[in-house]
Chemist: 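Dropping the structure in here first, questions after.
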Protein chains: 2
Amino acid sequence: MVTIRDIAKAAGVSPMTVSNVLNSRPHVKDSTRARVLQTIDDLDYRVNIAARNLRRGKTHTIGLAVPEVDRPYFGELGAAIIENGRRHDLNVVIEQTERSRENELTALALSRLRMYDGLILSAVGLGESDVDLLRVDFPVVILGERIFQGPLDHVATPNEDGAHAAVQHLIERGCTRIIAVHGSLSDDTDVSSLRHAGYRRALADAGIEEDSRLTLTLDVFSPEAASAAVHQAVDAGLQFDGVFCVTDYVALGVLRALADLGISVPDEVKVIGFDDVESSRFLTPSLSSVNPSKDLIAAKAVDLLVDRIKGATGDPVEFVSPYALMARESTAVR
Amino acid sequence: MVTIRDIAKAAGVSPMTVSNVLNSRPHVKDSTRARVLQTIDDLDYRVNIAARNLRRGKTHTIGLAVPEVDRPYFGELGAAIIENGRRHDLNVVIEQTERSRENELTALALSRLRMYDGLILSAVGLGESDVDLLRVDFPVVILGERIFQGPLDHVATPNEDGAHAAVQHLIERGCTRIIAVHGSLSDDTDVSSLRHAGYRRALADAGIEEDSRLTLTLDVFSPEAASAAVHQAVDAGLQFDGVFCVTDYVALGVLRALADLGISVPDEVKVIGFDDVESSRFLTPSLSSVNPSKDLIAAKAVDLLVDRIKGATGDPVEFVSPYALMARESTAVR
DNA sequence: CTGAAAGCGCTTACAG
DNA sequence: CTGAAAGCGCTTACAG
């Protein structure tokens with residue numbers, strides 16, 4: 001590997017001068033600069049980033065750890081964070097935690113280890129009981145589902161209110177027997193539980209009594225699982241006229257199952273999702289959804305992280321993004 | 001920041017012993033090990049990865065540079081590469097190049113700079129003329145669309161043959177006037193051009209004369225653009241009974257436009273895509289598509305990269321993955 | 001405008 | 001089983 005010393009030797013200057021040229025610092029004579037640049041080109045030299053990072057203590061790179069890179073929501077979130085990172089001259093690098101608590105902790109640990117200047121962690125595995133493990137002396141912003149009253153800045157999705165709005169929307173459109181499709185409600189702070197709480201509150205507000213048979217619990221968050229659950233419910237003779245899906249991704253399976261069963265959407269059953277993923281508006285019927293203001297979430301998360309990287313020491317910030325209801329064909333009245 | 005020296009001092013040993021404990025090397029007395037571990041815990045010490053990387057010259061991390069992280073295809077590809085990386089104890093980190101030649105070159109340069117042990121670069125901006133710039137003394141595997149007879153290992157998508165199979169499938173199902181929707185054909189080696197070549201060959205094989213009005217060129221690869229193009233074609237009175245879409249993502253817009261126009265799929269028009277993205281089979285109608293064997297691409301790319309990281313010096317490998325035609329409702333005959 | 005030297009935090013032969 | 005010392009490749013006060 002060719003190093004800065006090799007260049008220095010070949011160009012007849014000191015390593016420091018090469019470094020100055022590399023970092024386009026002033027106070028280098030033009031002729032010297034030209035000679036060094038020429039030598040760099042001749043020897044095909046590239047800076048060793050590991051060494052520079054060690055020395056500078058900065059990488060100008062932040063990490064984004066998401067549960068799964070192949071979910072459209074996280075892809076779109078990643079793109080939004082990359083875009084915001086650019087405003088601050090920050091590279092963004094994406095890692096996958098696979099929804100596991102352990103991997104989320106590893107992401108946290110690795111980042112402390114100076115691969116990144118800071119980390120945005122979309123936490124789904126970590127819970128309130130892990131709060132102590134989050135006391136890191138390193139810039140981290142927690143993103144997403146759960147609400148931590150933890151030691152770190154947190155940008156939260158409007159889970160309960162968004163779900164409430166979605167279900168209220170179904171009710172306004174005439175639905176009275178509304179299915180909720182989500183993951184298991186093991187814990188009070190996961191997406192499913194928070195969104196389910198919004199569902200229940202909307203029913204209560206409308207004076208509709210909850211029917212536990214209308215709650216479909218999935219083992220996995222997937223269209224397959226959602227489709228199977230709907231098939232099973234219909235086969236069992238369950239009557240319903242609306243479906244609230246915990247995510248658009250799950251709604252994909254619900255819509256497909258209803259089509260398979262010859263149940264017309266929105267005429268017989270209305271369907272709404274959550275996340276407002278890009279493809280939702282191109283589905284047939286286009287899918288109504290709750291838009292959690294992904295761009296705002298991304299902007300806020302990056303801004304908070306940049307502040308911490310710059311050394312801000314204030315109390316942890318808790319920001320809940322606003323939401324918008326996107327009414328489309330799947331909940332239309334005609 | 002607490003360093004290995006601090007631990008050494010506090011535990012009354014040398015930095016080297018701390019390092020040995022950290023790297024679970026043998027030949028450390030149990031009592032010493034225990035004391036060091038305790039001190040590490042007490043002082044909440046973590047290894048500084050930048051320093052370790054510099055010293056070891058290895059990061060156990062590979063980079064994956066993709067054009068856009070928010071396209072389902074690249075999300076799924078990323079997940080597949082992460083999975084394969086794990087088999088080799090390699091972390092995978094995803095970066096976005098935004099389809100720009102410049103960013104692809106930056107990814108190449110940065111990776112050389114020892115942030116990663118190797119790079120998988122999904123190149124769409126680089127062309128044959130950049131071949132010289134690819135002569136890097138660093139493990140890189142080029143992925144994807146274009147065919148390089150370059151100096152690097154290359155795992156290629158079966159663009160032309162896959163497109164040929166798709167269009168042949170439409171013809172077998174009775175289509176004779178087949179639209180092709182893709183990006184501009186500025187260059188012979190981009191996705192659009194390669195897939196268009198397959199389209200033309202399938203028409204020729206079937207003795208169908210090509211009609212240039214049936215080629216719809218998009219400025220951007222997006223459902224919006226595709227939808228607009230279809231609307232415009234129909235408004236202009238274009239007659240057609242099949243649509244070959246350059247990607248499933250583009251097909252989303254085509255399907256939506258046809259639905260808006262009241263044109264029934266597959267009865268009046270049959271539609272097929274390329275990529276076989278996960279959501280395609282849940283659309284209504286479910287979308288026929290060409291599956292480019294993403295998992296194989298990922299496995300092959302990681303294997304080749306690992307070989308190079310281990311020092312393999314053989315000639316560049318060119319691997320074209322197989323494809324499979326997924327026939328679904330959008331091309332059904334009934 | 002340029003240089004000699006120290007040091008970022010770690011690991012690794014080399015000794016003992 | 002443990003240590004002293006060199007060095008990974010860079011940058012940065014400090015001098016001149």
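Lettering of chains follows the sequences in order, A, B, ..., and the numbering in each one begins at 1.
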Chemist: Strictly below 4.0 Å: does N23(A) bring a side-chain N or O up to OP1 or OP2 of dT11(D)?
Modeler: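 So the side-chain polar atoms of N23(A) do come within 4.0 Å of the phosphate oxygens OP1 or OP2 of dT11(D), strictly under.
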
Chemist: Does a side-chain N or O of T32(A) approach OP1 or OP2 of dT2(C) to a distance below 4.0 Å, or not?
Modeler: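 Affirmative; the distance criterion is met.
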
Chemist: Can you name the side chain to side chain contact (heavy atoms under 4.5 Å, CB included) partners of P316(A), sequence neighbours left out?
Modeler: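 Partners of P316(A) under the side chain to side chain contact (heavy atoms under 4.5 Å, CB included) test: D153(A).
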
Chemist: Does a side-chain N or O of T17(A) approach OP1 or OP2 of dG3(C) to a distance below 4.0 Å, or not?
Modeler: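 Yes, T17(A) has a side-chain N/O under 4.0 Å of OP1/OP2 on dG3(C).
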
Chemist: Just checking R25(B): base, sugar-phosphate only, or nothing, at a heavy-atom cut-off of under 4.0 Å?
Modeler: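 Result for R25(B) = sugar-phosphate.
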
Chemist: Is there a residue in residues 6-13 of chain A whose heavy atoms reach under 4.0 Å of DNA chain C, and which residues are they?
Modeler: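 Here the set is V13(A).
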
Chemist: Please state how far atom CZ in R5(A) lies from atom P in dT11(D), giving the value in whole angstrom units.
Modeler: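 Between P of dT11(D) and CZ of R5(A): 14 Å.
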
Chemist: For R87(A), check side chain to side chain contact (heavy atoms under 4.5 Å, CB included) against everything at least two apart and list the hits.
Modeler: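 Expected list: N84(A), A299(A), D303(A).
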
Chemist: Here's a test of your reading of the structure: between P15(B) and S19(A), which maps to the more 5' nucleotide of DNA chain D?
Modeler: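 Nearer the 5' end of the strand: P15(B).
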
Chemist: Tell me whether the NZ or CZ atom of R99(B) lies within the 45° cone about the ring axis of F221(B) and under 6.0 Å from its centre.
Modeler: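 Yes - R99(B) lies over the ring of F221(B), closer than 6.0 Å to its centre and within 45° of its axis.
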
Chemist: Which donor-acceptor pairs under 3.5 Å do the side chains of residues 14-21 of chain B make with protein atoms, sequence neighbours left out?
Modeler:
from   : atom 1 : to     : atom 2 : distance (Å)
S14(B) : OG     : M16(B) : N      : 3.3
S14(B) : OG     : T17(B) : N      : 3.3
S14(B) : OG     : T17(B) : OG1    : 3.4
S19(B) : OG     : N23(B) : ND2    : 3.4
N20(B) : OD1    : R25(B) : NE     : 2.9

Chemist: If I take atom CG in residue N53(A) and atom C1' in nucleotide dC10(D), what distance separates them, rounded to the nearest angstrom?
Modeler: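 One finds 10 Å between C1' of dC10(D) and CG of N53(A), rounded.
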
Chemist: Can you tell me if E98(A) has over 12 outside heavy atoms packed within less than 6.0 Å of its CD?
Modeler: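 Atom CD in E98(A) is packed in, count exceeds 12.
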
Chemist: Can you find a pair of side-chain heavy atoms, one from L22(B) and one from I4(B), that are under 4.5 Å apart?
Modeler: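 Sidechains of I4(B) and L22(B): in contact.
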
Chemist: With side-chain contact (heavy atoms from CB on, under 4.5 Å) as the test, would you mind laying out the steps for L143(A) and I297(A) before giving the verdict?
Modeler: CA-CA 8 Å; L143(A) 218 72; I297(A) 289 177; 4.1 Å; yes

Chemist: Any protein N or O atoms within reach of nucleotides 7-9 of chain D? Criterion: under 3.5 Å, listing atom names and distances.
Modeler:
from   : atom 1 : to     : atom 2 : distance (Å)
dG7(D) : N2     : R55(B) : NH1    : 3.0
dG7(D) : N3     : R55(B) : NH1    : 3.3
dG9(D) : N2     : A51(A) : O      : 3.4

Chemist: Counting Watson-Crick and G-U wobble pairs with both distances under 3.5 Å, what is the dot-bracket string for DNA chain C, 5' to 3', using [ ] for crossing pairs and | for pairs to another strand?
Modeler: |||.||||||||.|||

Chemist: Would you give the length of the straight line joining atom CG of L105(A) to atom CG of L121(A), rounded to the nearest 0.5 angstrom?
Modeler: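 That separation rounds to 8.5 Å.
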
Chemist: Could you state the CE-P distance from M16(A) to dG16(D), rounded to the nearest angstrom?
Modeler: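 Checked: the CE to P distance equals 15 Å.
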
Chemist: Is any side-chain heavy atom of Y116(B) less than 4.5 Å from a side-chain heavy atom of E95(B)?
Modeler: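 Result yes, sub-4.5 Å side-chain heavy-atom pair found.
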
Chemist: How many angstroms lie between atom CD of Q38(A) and atom CD1 of I7(A), to the nearest 0.5 angstrom?
Modeler: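 Between Q38(A) CD and I7(A) CD1, I get 11.0 Å after rounding to 0.5 Å.
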
Chemist: Is the shortest side-chain heavy-atom distance between V2(B) and D44(B) below 4.5 Å?
Modeler: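 A side-chain contact is absent here, since even the closest heavy-atom pair is not under 4.5 Å.
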
